[in-house]
Amino acid sequence: QVQLVESGGGLVQAGGSLRLSCAASGRTFSSYTMAWFRQAPGKEREFVASIAWSSGNTYYTGSVRGRFTISRDNAKNTVYLQMNILKPEDTAVYYCAASRGSILTTRLSDYNYWGQGTHVTVSS
């Protein structure tokens, strides 16, 4: 059974940093794409960043490029999202997701497994 467990959310001031973690278990993820999505209050869930587990190739949505970094630790089976220069508009619930076959995809429907989410609040 696949499990994705996020952690690392919290309250931070604008300009600050947070690192989110996603611990993955239940299978080998070497052929998967892992991603972070977020959902702000009253808005749809949106793509943030993705990483191909085997190659380490990454892709970011424009609003976070240059501020956020997605990475993975093979030994720990964990994916990270380092978030720097946070802005109030980054406030959302952040979700980790895994896709079996669609490399670096940004589409929600391509992701087969989801975590429960972790809250990030950025105060101005």
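Since we're looking at a predicted model, the values are computed, not measured.
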- Message: Applying disulfide bond (SG atoms under 2.5 Å apart) as the test, list every pair that has at least one member in residues 71-124; sequence neighbours left out.
- Response: C22-C96
- Task: Determine, stepwise, if the pair V120 / L20 fulfils side-chain contact (heavy atoms from CB on, under 4.5 Å).
- Result: CA-CA 9 Å; V120 172; L20 306 183; 4.0 Å; yes
To check you understand the geometry: which heavy-atom pair defines the closest contact between [X] and [Y], and what is its length?
X   : Y    : result
N84 : S17  : OD1-OG, 2.9 Å
L11 : S123 : CD1-CB, 4.4 Å
M34 : L4   : CE-CD2, 3.9 Å
A52 : L104 : N-CD2, 3.5 Å
L86 : L18  : CD1-N, 3.9 Å

Would you say the side-chain atoms of [X] pair up with the backbone N or O of [Y], donor to acceptor, closer than 3.5 Å?
X   : Y   : result
R72 : T78 : no
T28 : S30 : no
E46 : Q39 : no
S50 : A35 : no

- Message: Here's a test for you: under side-chain contact (heavy atoms from CB on, under 4.5 Å), which of Y59, W53, Y111 qualifies with T33?
- Response: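 Only match with T33 under side-chain contact (heavy atoms from CB on, under 4.5 Å): Y111.
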- Are R38 and Y94 close enough that a side-chain donor and a side-chain acceptor fall under 3.5 Å?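 The answer is yes; a qualifying pair exists.
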- Between Y113 and R100, do the side chains contain an N or O donor and an N or O acceptor separated by less than 3.5 Å?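 Judged by distance alone, the side chains do pair up.
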- With a 4.0 Å cut-off, would you call D110 and R107 a salt bridge?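 Yes, this pair counts.
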- Task: Mark yes when over 12 heavy atoms from residues, nucleotides or ligands other than I103 sit less than 6.0 Å from its CD1; otherwise mark no.
- Result: no
- Do F68 and W36 have ring centroids that are under 6.0 Å from one another?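 Not under 6.0 Å, so no.
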- Query: Can you name the residues that form a side-chain contact (heavy atoms from CB on, under 4.5 Å) with T61, not counting sequence neighbours?
  - Reply: F47, S63, V64
- Q13/V122 under side-chain contact (heavy atoms from CB on, under 4.5 Å): CA gap, chis, key distance, verdict: CA-CA 5 Å; Q13 287 190 329; V122 184; over 6 Å; no
